[in-house]
2 protein chains.
Amino acid sequence: MNDGRPVAGPALEDVRRHVVETADDLYYARGIQAVGMDELRRASGLSLKRLYTLFPSKEQIVLAVLENRHELWTAGVTAKVGAAGSPTERLLAIYDYLADWFADDSFRGCGFINAFGELGAVSPAVADLAREHKADFQRYVAELVQAAGAPAELAPQLAILAEGAQTTAAIAGNADAAAHARRAAETLIRASS
Amino acid sequence: MNDGRPVAGPALEDVRRHVVETADDLYYARGIQAVGMDELRRASGLSLKRLYTLFPSKEQIVLAVLENRHELWTAGVTAKVGAAGSPTERLLAIYDYLADWFADDSFRGCGFINAFGELGAVSPAVADLAREHKADFQRYVAELVQAAGAPAELAPQLAILAEGAQTTAAIAGNADAAAHARRAAETLIRASS
DNA sequence: GAACCCGGAGAACGCACGTTCTCCGGCGAT
DNA sequence: ATCGCCGGAGAACGTGCGTTCTCCGGGTTC
């Protein structure tokens with residue numbers, strides 16, 4: 001019986017998620033290359049062998065972390081946008097989401113930009129995931145712009161504001177960038193009608 | 001005689017500059033941690049011992065590379081801005097400089113953002129240099145905005161556009177971001193008067 | 001001409017990484 | 001009760017890093 005599966009303990013998917021979340025905390029806070037497998041082992045409470053049965057290599061963990069981050073980002077943005085009223089307010093909700101994010105003590109910039117700068121030239125898979133993440137966001141903004149009845153060229157402009165706010169907030173270390181970007185977006189939206 | 005200095009060969013400052021430029025090429029193209037001292041030795045044609053008499057550690061080379069990059073950036077931007085006519089055109093010249101830069105095959109994003117993402121959490125000196133670089137740019141934009149007689153809150157908005165254009169161009173891999181940012185800047189400037 | 005010494009080259013060192021291997025304890029089946 | 005086996009733990013391995021050391025050739029000095 002039991003089909004050869006382990007007797008007790010959390011389901012495999014839960015363990016994988018636990019590893020991904022632990023790895024994300026470490027990688028995001030300190031950089032991917034700065035965190036070794038041994039530290040991930042210690043922080044996750046799993047043995048090295050278990051880690052390597054769950055993931056074939058560190059790079060696969062990194063990719064899983066980025067995919068997880070993409071889902072969290074998408075869920076967060078759409079939630080904030082969904083709570084907004086008018087189409088214009090829905091566009092501006094993006095910057096409110098950024099403001100919330102920047103206020104977090106652990107904020108250290110966009111994980112995809114960081115990963116791209118660190119590994120993009122060395123790992124095509126990481127570069128592709130970053131590209132897809134950004135392209136997905138651009139597409140999402142374009143949908144919101146269209147729903148607001150604004151001209152299509154507004155979308156890349158608003159997306160650029162969001163990107164710029166993230167790096168500015170990360171490096172300057174203050175969250176004002178979200179408010180500045182929001183005001184700029186308001187002006188651009190108003191001027192486009 | 002000779003004061004104990006080497007007899008011939010290029011001056012010390014020239015050798016240092018050669019090292020910094022070689023290191024910059026490698027670090028920017030592939031990431032800092034991906035390039036070892038041995039590769040820098042080979043690419044620069046110097047011995048390891050010579051490298052370590054010129055610089056006390058790899059981190060100091062990284063810092064020198066970033067300082068050099070800051071000077072190149074400042075010189076490039078001010079040259080482009082200086083060639084522009086009206087105060088408004090001078091503001092927009094920033095995005096023309098970005099467009100030129102993005103068109104370069106070797107463009108791989110802002111070196112400071114990349115270095116910050118890779119080492120910012122682990123090397124305070126790198127983080128500080130990135131902060132200073134960005135703060136310097138913000139100050140410069142603020143001066144241009146003031147010279148154009150535009151309201152001060154325009155400056156951070158234009159700076160955010162420039163930052164966003166850089167990361168968007170780097171990750172998306174196309175240079176359109178400069179043109180989008182420029183058009184957004186035109187709208188913001190027009191709306192501010 | 002001989003002693004000295006400075007600087008160049010790259011082999012060597014210690015360390016930390018990603019990955020693999022070996023050992024061991026405990027459960028299930030007979 | 002005994003055997004077999006699966007999976008956990010972390011020691012061990014090879015590699016590549018940043019840095020240091022040793023050796024050696026040639027130029028300067030008495």
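From a predicted model like this one, the values you see are computed outputs, not experimental measurements.
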Q. Considering residues, nucleotides and ligands other than A/Gln146, do more than 12 of their heavy atoms fall under 6.0 Å from its CD?
A. no
Q) Rounded to the nearest Å, what distance is computed from the CD atom of residue B/Gln60 to the C1' atom of nucleotide D/dG18? A) 14 Å
Q. Are B/Glu39 and B/Arg30 close enough for a salt bridge, meaning some N to O gap below 4.0 Å?
A. yes
Q | Atom-to-atom span, CZ of A/Arg50 to P of D/dC6 - whole angstrom | A | 16 Å
Q.
Quick check: B/Tyr97 with B/Trp73 (ring centres under 6.0 Å apart)?
A. yes
Q | Distance, rounded to the nearest Å, where B/Lys49 contributes NZ and D/dC24 contributes P | A | 14 Å
Q: For A/Leu46 and D/dG7, give me the distance from atom CG to atom C1', rounded to whole Å.
A: 12 Å
**Q.** Atom pair CD1 (A/Ile171) and SG (B/Cys110), whose distance is rounded to the nearest 0.5 Å
**A.** 6.5 Å
**Q.** Nucleic acid contacts - residues 51-58 of chain B versus DNA chain D, non-hydrogen atoms under 4.0 Å
**A.** B/Tyr52, B/Ser57, B/Lys58
Q: Output every pair passing salt bridge (charged side-chain N to carboxylate O under 4.0 Å, His left out) with a member in residues 77-89 of chain B, not counting sequence neighbours, ordered by first then second residue.
A: B/Lys80-B/Asp100
Q: Within residues 33-42 of chain B, find the residues that approach DNA chain D with a heavy atom at under 4.0 Å, and present them sorted by residue number.
A: B/Val35, B/Gly36, B/Met37
Q | Qualifying salt bridge (charged side-chain N to carboxylate O under 4.0 Å, His left out) pairs, either residue in residues 130-141 of chain B, two or more places apart | A | B/Asp128-B/Arg131, B/Lys134-B/Glu163, B/Asp136-B/Arg139
**Q.** Any pair counted as salt bridge (charged side-chain N to carboxylate O under 4.0 Å, His left out), so long as it reaches residues 170-193 of chain B, sequence neighbours left out
**A.** B/Asp96-B/Arg182, B/Arg182-B/Glu186
Q) Within this structure, what is the CG-to-P distance between B/Leu48 and D/dT22, rounded to whole angstrom? A) 16 Å
Q: Report the residues that fulfil salt bridge (Lys or Arg N to Asp or Glu O under 4.0 Å) with B/Arg108, sequence neighbours left out, ordered by chain and then residue number.
A: none
